[in-house]
Amino acid sequence: METSNHNSSIMDMFEKGKVLKICAPMVRYSKLAFRSLVRKYNCDICFTPMIVADDFMRSVKARDSEFTTNASDRPLIVQFAAHDAQTLADSACVVAPFSDGVDLNCGCPQRWATSAGYGACLINKPELVKDMVTHVRNQVDNPNYTASIKIRIHKDLRQTVDLCQKAESAGVSWITVHGRTAEERHQTVHYDAIKLIKDSVSIPVIANGDIKYLRDVESIHQLTGVDGVMAARGLLANPAMFSGYEDAPLECIWDWVDMAIEQGTSFTCFHQHLIYMLERVSSMPEKKVFNSLSSTSAVIDYLQNTYGLVRDLAT
C-alpha cells in the first residue's frame, strides 16, 4: 500500500455540479483489479468491498487480505461493517493514509450481518449511527477525509428522513440510498423515496439500485435530484457502462484479463467477472463451455478463438 498526499477532498467533486458515477462496494468483486478497470471507463469514485471492522482491527492477516490498494486507486472509499463507534474510528485511522474516506454499511440485508448488529439493522439505530460518524470525524486527523453512510429505506419514510437528518447533524459527508427496504430484493427501486431524502437534507445524496446503462444516470438524476449514482450489478455485467457502452466491449474484456493477471487475481474471481461480462453477449451453448473452463490459459484461448484480440477489430 502507498500513502498519498491528496490535499483535496472528494467533497470538491460534488461542487462541480456533475452527477458523479460511483462503483458500489461489492463483496468479493470491487477489489483493486476491478476498481482499476472501471476507473479506465469513466468511474469517478470506487468503494472497496465491505470489511468487518472488528476482524480488521483484530488481525494483521485480515488487514492484508481485505484491503489492497495502490497509488492510482483514487478516489477510494473504504466501506466497513461496524456496530461500535471506537472500532470504526480505529479502522478509519488505519486506512486514512491510503484512502479518501470511510463509509459505514447500514444497508446489508443478509442475516449473518444483521444478526451480528451490522448492516441494515443500523437504520433502526440512528443514535448509534450518529455516534459512529462523530467518532470518525473527531479521530481521523485529516479535515478532508470523508465519513459517509450507505442505507436502505424504511417502510415508514419518516424514519429514514429522521435517520438522515440525525447523521447530517453529526457531520456525515454524504449519504448513499439504496431505494429498497431491507426485505426487498429485486422489487422496483423507490425513486420517490430517494427524492424525499434528497429534499430533506443539505448534504450530497447518491442513488443506488438498478443502474444498468449510462442513460440511467441522467434519468435518475432528473427523477430525484441526486448528486451521484452508484452501480453494482450493472458494472459487473459491463464495466465500461459509465463510458456509454451498452454491453462490455471486447477491449474492456481484454483489459480485465491484463489487469487481473497483473494483480494476481484468483482464478475463481477472474473467471466469475468474465462470466458476468459475457452474460449478455453469449449464447447458451457458449456459456456452458465458458463456465466449465478451469484455468487462466483455457480462458484466454477461448476468448481469442471466440472473440479475437482487440487489435483484430481494426483490421
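Note that these values count all heavy atoms, side chains included, but never hydrogens, waters or copies made by symmetry.
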Are any side-chain N or O atoms of Arg152 and backbone N or O atoms of Glu184, one a donor and one an acceptor, separated by less than 3.5 Å? yes
Phe80: ring pair (Phe, Tyr, Trp, His ring centres under 6.0 Å) partners, not counting sequence neighbours: Phe56
Residues forming a salt bridge (Lys or Arg N to Asp or Glu O under 4.0 Å) with Arg137, sequence neighbours excluded: none
Which residues share a side chain to side chain contact (heavy atoms under 4.5 Å, CB included) with Ser72, sequence neighbours left out: Asn70
Of all residues at least two apart in sequence or in a different chain, which pass the salt bridge (Lys or Arg N to Asp or Glu O under 4.0 Å) check with Asp216? none
Who are the ring pair (Phe, Tyr, Trp, His ring centres under 6.0 Å) partners of His83, not counting sequence neighbours? Tyr118
Which residues pass the salt bridge (Lys or Arg N to Asp or Glu O under 4.0 Å) test with Asp301, sequence neighbours left out? none
Supply the atom-to-atom distance Tyr29 OH to His273 NE2, rounded to the nearest 0.5 angstrom. 7.0 Å
Partners meeting salt bridge (Lys or Arg N to Asp or Glu O under 4.0 Å) with Lys195 (sequence neighbours left out): Asp199
Quick one: CE on Met230 to CD1 on Ile220, what's the gap to the nearest 0.5 Å? 12.5 Å
State, yes or no, whether a side-chain contact exists between Leu274 and Ile253 at a heavy-atom distance under 4.5 Å. yes
Nearest-0.5 Å distance, CD of residue Glu127 to OG1 of residue Thr134: 9.5 Å
Apply salt bridge (Lys or Arg N to Asp or Glu O under 4.0 Å) to residues Arg215 and Glu246 and explain how you reach the verdict. CA-CA 10 Å; Arg215 58 181 173 271; Glu246 294 285 299; 2.8 Å; yes
Atom CG in Asp103, atom OG1 in Thr146: separation rounded to 0.5 Å? 8.0 Å
Quick check: closest heavy atoms across Pro249 and Asn238, and the distance to 0.1 Å? CD-OD1, 4.1 Å
Going by ring pair (Phe, Tyr, Trp, His ring centres under 6.0 Å), name the pairs with one or both residues in residues 144-195, residues two or more places apart or in two chains. Phe14-Trp174
How about Asp141: does its CG atom have over 12 heavy atoms from other parts shown lying under 6.0 Å from it? no
Please report the interatomic distance OG(Ser91) to CZ(Phe67), rounded to the nearest 0.5 Å. 11.0 Å
Close side-chain approach of Glu251 to Lys40, heavy-atom, < 4.5 Å: yes
Let me know which of Leu163, Leu104, Asn105 forms a side-chain contact (heavy atoms from CB on, under 4.5 Å) with Ile151. Leu163
Nearest heavy-atom approach of Met132 to Ala85 is CG-CA, 3.6 Å
Chi angles and distances behind the salt bridge (Lys or Arg N to Asp or Glu O under 4.0 Å) call for Lys125, Asp131: CA-CA 10 Å; Lys125 300 176 182 177; Asp131 195 31; over 6 Å; no
Under the criterion salt bridge (Lys or Arg N to Asp or Glu O under 4.0 Å), I'd like the reasoning laid out for Asp73 against Arg35: C-alpha separation, chi angles, the key distance, then a yes or no. CA-CA 7 Å; Asp73 185 30; Arg35 296 195 301 266; 2.7 Å; yes
Are Ser266 and Thr268 close enough that a side-chain donor and a side-chain acceptor fall under 3.5 Å? no
Would you say Phe98 and Thr68 make side-chain contact, with heavy atoms under 4.5 Å? no
With sequence neighbours excluded, residues passing side chain to side chain contact (heavy atoms under 4.5 Å, CB included) with Thr265: Ala33, Trp256, Ala260, Gln263, Cys269, Phe270
Tell me, please, which residues at least two apart from Tyr245 pass ring pair (Phe, Tyr, Trp, His ring centres under 6.0 Å). none
Determine which pairs satisfy ring pair (Phe, Tyr, Trp, His ring centres under 6.0 Å) with at least one residue from residues 287-306, sequence neighbours left out, and list them in order. His271-Phe290, Phe290-Tyr302
Could you go through Gln165 and Ser200, starting from their C-alpha distance and side-chain angles, then the distance that decides it, and tell me whether this counts as side-chain hydrogen bond (donor to acceptor under 3.5 Å, both in side chains)? CA-CA 7 Å; Gln165 290 176 338; Ser200 303; 4.7 Å; no
Between Glu279 and Arg233, is the salt bridge (Lys or Arg N to Asp or Glu O under 4.0 Å) condition met? List the steps. CA-CA 12 Å; Glu279 172 74 24; Arg233 285 180 308 215; over 6 Å; no
Can you list the residues that meet the ring pair (Phe, Tyr, Trp, His ring centres under 6.0 Å) rule with Tyr213, with sequence neighbours excluded? none
CZ/Arg111: more than 12 non-hydrogen atoms of other groups inside 6.0 Å: no
